[in-house]
Structures are given as C-alpha cells and as structure tokens.
Q: 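Take a look at this one; I'll ask things after.
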Amino acid sequence: MDIDKYDVLSLNIDEIKNILCDIGEKPYRANQIFKWCHNSFAESFNEMSNIPKGLKNQLNNIIYFPKMNIAERFLSKKDNTIKYLFEIENNNIIESVFMRYEYGNAVCISTQAGCKMGCSFCASAIGGFERNLTAGEMLLQVYKMQKDSGLRVSNIVLMGSGEPLDNFDNTIKFIELVSSKDGVNIGQRHITVSTCGIADKIYELAKKKFQINLAVSLHAPNDAIRRKIMPIALKYSFREVLEAAKEYAYITKRRVTFEYALISGINDSDECARELSFEMKGFLSHVNLIPVNNVAEKNYVKSSEKKVKHFADILRKNGVNTTIRRRLGSDINAACGQLRRGYKKPDEV
Ligand code: SAH
C-alpha cells in the first residue's frame, strides 16, 4: 500500500475529476476511468484502451490499484458456498464468502484484517487487529468473487471479519460506491451492515439516511450476560445499544435485525427468551437466531436444535418476528464467526 498515492477503487467520480483537474486534464476522463474500474473491473491503467498513454503514466505516479490475490478457495460440498482467502497489501490475509440463495447470490465481506472487538465466541478476534480495509478493498472482494465465480452478486453483508462501524468512514464510502448508479449499482436495500453495537456510530449511520439494513449482534437479553461474552458491552450498555437501534429504525423506517447466537447454558434459557421478548416489544425489529458455530479454540457448545426451536417459539408467542439462520458453508469453516485473521502458509504448518 502506497500511502502517498490514492487507492483508485476508493475514489468517486468527483474525486477523480479533482485529481485530473490538478494535473490539467479534462474532467470527462474521470467517467471513463470510473467505468473501467467499476463496470469492467480493470486492474491497471494498461487495460483502459481509451486513455492516452501519457496520461496513464502520469496517473500511475498518483494513483495505485489495490492488490488482492486469491490465496485459497474452498468449495462447500453441502451447499456450493465458496470461501475465499485473499492476500492483500502488506501481505495481510482476509476472508470472504460467496453464498447462493434462491433469491440470488450474496457475498459476506470483511471490513478489517482481524478485529479489535474480542467477542468471546468469535474466531475473528483470536489473532487480534491488523488494520482497517479501504473502501476499495471492500469493493475488490465483491469484484473478485463475481469475476472468479462468473456469477452476479446481488446482496452484500458486511459480516466477515472486522467491525464495520469501527472503520466507519471507509464503510460509508464503500456503501456509496457499491450502490452508485455508475458503478455495480447494488441497491442499498440489498446491503446489510452488522455491528457488535457501537451505539454512537449507529446514530451517525442513521444520519446518513441510507436504505441499508442494520443488523445488531445482541446475543444476550441483558448487560449481565452480554458483558460476559462481548467486551463492547462494557463500553455501551444494553439499553444504549437498543436505544440507538430504535433511533435507526425510526429515522430510516427500516426494520432492524438482532442477531442472537445461542450458546448452550449461557444465553439460551426460557428466562432469556422471555426477557428478550420483553425488550423487543414495540419497535420495528426482527430476531435472527443462530446456533453458535464451533470455533476450535473456544469451548462454547451450541444449543440443541430442539432448544433453538423452543427459544424461537417463546419469542414468536410473544409477538417477536423470529427466524432461525441457515448455516451455509459450515463444512469449510465459512459460517458466522468462523472467519479468522490468517491462515498457515504451507511452510508454516
Ligand atoms: N463485527 C460485526 C460483524 C462481524 S461478525 C458484528 O459483530 O456484528 C458477524 C456475525 O457473526 C455477528 O453477529 C457475530 O456476533 C456472529 N458470530 C461471531 N462468532 C460466531 C459464532 N461462533 N457462531 C455464530 N455466530 C457468530
């Protein structure tokens, strides 16, 4: 990564125009460059046949193309989910997942290499935090998977490694670029940002008035349990997170999803279900239950299928909109919370 240069995929058309103006070039070239990058997925100026050679050379001194190579690819035998390990600038490794649903193809992308949040049940936290991804690096995950699979991406979830709202500006830029009419034009209603509950940033996100979906990783019906499993709950109380989510629903008129990973003996009691039902009363929300996925280093046990159904029944009886998440890619460690910072290169095993 060259910090003195602009990452071409993180620039919108106006920003490219400004760069061109600074070097005395015609602004219309910005549209051409943007189209090459975001419609034809060009990976260098060389591919841009309508840009003069002299200008290409000049731009190469100011702008760089972020690097992202497929380090490994795993295909699930169960459901055709593909997990990608990408090697990015600085040799960091990130993971992304391509999933097929009846309604289209969804990708799960990472927003950071590693993660600072330290949720006790999640693999992404194990190796600690490495760095924020740029907006361009978030886009590139989508483009690479679309190119490699030959299939169009219709939905995006920011649920890979990292905390999107801890990389706020780049996440906002990503949403603007990926939903731009001149780019891949993925509708904001098809984009979901998932957060562990950084309340201040939820308010900031609401102010953007995007039409995206917000998912909040709640995983507990109160502070006592939440603080045991999610360090972020020490900073923002259960009440603060819920108030922020309510404000988000109120401002955007979008239904908020609460993710709840059921861990046996920790947060799956009838009492928890009743407490959660009470908290969900009276606002536009939806609870998505996930039997916690195994993470080798953690000794959490997932709740039984029967228990999950029972938990869901209690919520539904109390009028809470509830779904149980399908676990795609579980045989290739591509399910929620199984994405991790690095992988062992063959010579390190
Ligand atoms: N940092 C964001 C997004 C990344 S995690 C967030 O916390 O929401 C995406 C989702 O997977 C979150 O709901 C997270 O809590 C959940 N998750 C993490 N580890 C999990 C596990 N072992 N089993 C099931 N879900 C898990």
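Along the sequence shown, residues carry numbers from 1. Just so we're clear, the structure is a prediction, and the values are computed from it rather than from any experiment. Ligands are counted one by one from 1 in listed order, and the atoms in each one are counted from 1 as well.
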Q: For atom 12 (C) of ligand 1, which of the options S217, S161, G162 provides the nearest non-hydrogen atom?
A: S217
Q: Any non-hydrogen atom of K302 lying under 4.0 Å from ligand 1?
A: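 No.
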Q: Non-hydrogen atoms of C115 versus ligand 1: any pair closer than 4.0 Å?
A: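 The answer is no: ligand 1 sits nowhere under 4.0 Å from a heavy atom of C115.
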Q: More than 12 heavy atoms of other residues, nucleotides or ligands under 6.0 Å from OH of Y203: is that the case?
A: yes
Q: Check this for me - ligand 1, F121, N or O atoms closer than 3.5 angstrom, yes or no?
A: yes
Q: What part of N294 sits under 4.0 Å from ligand 1 if we count only heavy atoms: the side chain, the backbone, both or neither?
A: neither
Q: How about E259 and S194: does a side-chain donor come under 3.5 Å of a side-chain acceptor?
A: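 Short answer, yes.
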Q: Within the 4.0 Å heavy-atom shell around C122, which atoms of ligand 1 are there?
A: 18 (C), 19 (N)
Q: Kindly indicate whether a cation-pi arrangement holds for K116 with F129, taking the cut-offs as under 6.0 Å to the six-membered ring centre and within 45° of the axis.
A: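 Yes.
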Q: By salt bridge (charged side-chain N to carboxylate O under 4.0 Å, His left out), which residues pair with K35, not counting sequence neighbours?
A: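 Checked K35 against salt bridge (charged side-chain N to carboxylate O under 4.0 Å, His left out); zero matches.
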Q: Any idea which part of E259 is under 4.0 Å from ligand 1, heavy-atom wise: side chain, backbone, both or neither?
A: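 Side chain only.
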Q: So, are K208 and E204 salt-bridged, with charged N and O less than 4.0 Å apart?
A: no
Q: Could you list the atoms of ligand 1 found under 4.0 angstrom from a heavy atom of G160?
A: 4 (C)
Q: Aromatic rings F283 and F258: how do their planes relate, parallel, tilted or perpendicular, breaks at 30° and 60°?
A: perpendicular
Q: On the 0 to 90° scale, with breaks at 30° and 60°, tag the Y300-F121 ring pair as parallel, tilted or perpendicular.
A: tilted
Q: With heavy-atom distances below 4.0 Å as the criterion, list the atoms of ligand 1 near H219.
A: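 Result: 13 (O), 14 (C), 15 (O).
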Q: Which ligand 1 atoms are under 4.0 Å away from a heavy-atom of C196?
A: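 Reading through ligand 1 atom by atom, the close ones are 6 (C), 7 (O), 8 (O).
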Q: Could you pull out, from P291, A215, S194, the option with a heavy atom nearest to atom 2 (C) of ligand 1?
A: S194
Q: Does F278, at its CZ atom, have more than 12 non-hydrogen atoms belonging to other residues, nucleotides or ligands within less than 6.0 Å?
A: no
Q: Just say parallel, tilted or perpendicular for the rings of Y143 and F41, cut-offs at 30° and 60°.
A: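 The rings of Y143 and F41 sit tilted, inter-plane angle from 30° to 60°.
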Q: What part of M117, side chain from CB on, backbone N/CA/C/O, both or neither, has a heavy atom under 4.0 Å from ligand 1?
A: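 Neither; no heavy atom under 4.0 Å.
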Q: Counting each atom of ligand 1 from 1 as listed, which ones have a heavy atom of T195 under 4.0 Å away?
A: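 That gives atoms 6 (C), 7 (O), 8 (O) of ligand 1.
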